Amino acid sequence: MTGRKSAYFWGAASGVAFALFAPMLRPAARSAVKGGIRVGRYAKKVASNVKEEFEDIAVEAQADLDREENSGDPSGSQA
């Protein structure tokens, strides 16, 4: 029974402590969330740039294949 009472006490104490310190922790939590948002935005920009680069490469490769097929040179050599 002592273990349950101890767990209950620590749970209640931590809840009270959180309620008392929450106003002081709010700015730190807000800064952490802002940092996460910034990282997310940066990752989105990087991913967009990488996607655009791969799309350009795919278009160039398709154009090369079309050119090779129209020239009748299956090896792809351009001498």
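This is a predicted model, so every value here is computed, not measured. Quick note: numbers below take in every heavy atom, side chains included, and nothing from hydrogens, waters or symmetry partners. Nothing fancy with the numbering, it's 1 onward along the sequence.
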For this session: Go through the steps to decide whether Asp66 and Gln62 satisfy the test side chain to side chain donor-acceptor pair (under 3.5 Å), and finish with yes or no.
Result: CA-CA 6 Å; Asp66 291 344; Gln62 184 66 46; 3.2 Å; yes
Exercise. Applying the 4.5 Å side-chain criterion to the ILVMFWY set and letting contacts propagate, would Tyr42 and Val50 be lumped into a single cluster?
Worked result: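 Same hydrophobic cluster.
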For this session: Supply the atom-to-atom distance Leu20 CG to Leu25 CG, rounded to the nearest 0.5 angstrom.
Result: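 Rounded to the nearest 0.5 Å, the CG-CG separation comes out at 11.0 Å.
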Exercise. Judged by atom type as modelled, is there a donor-acceptor pair below 3.5 Å linking the side chain of Ser31 to the main-chain atoms of Pro27?
Worked result: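 Answer holds: yes.
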Exercise. In chain order, what residues pass the salt bridge (charged side-chain N to carboxylate O under 4.0 Å, His left out) check against Lys51, with sequence neighbours excluded?
Worked result: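 For Lys51, the residues satisfying salt bridge (charged side-chain N to carboxylate O under 4.0 Å, His left out) (neighbours in sequence not counted) are Glu55.
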Problem set entry | Derivation of the side-chain contact (heavy atoms from CB on, under 4.5 Å) call for Ile37 and Lys34 | CA-CA 5 Å; Ile37 291 170; Lys34 284 170 51 177; 5.5 Å; no
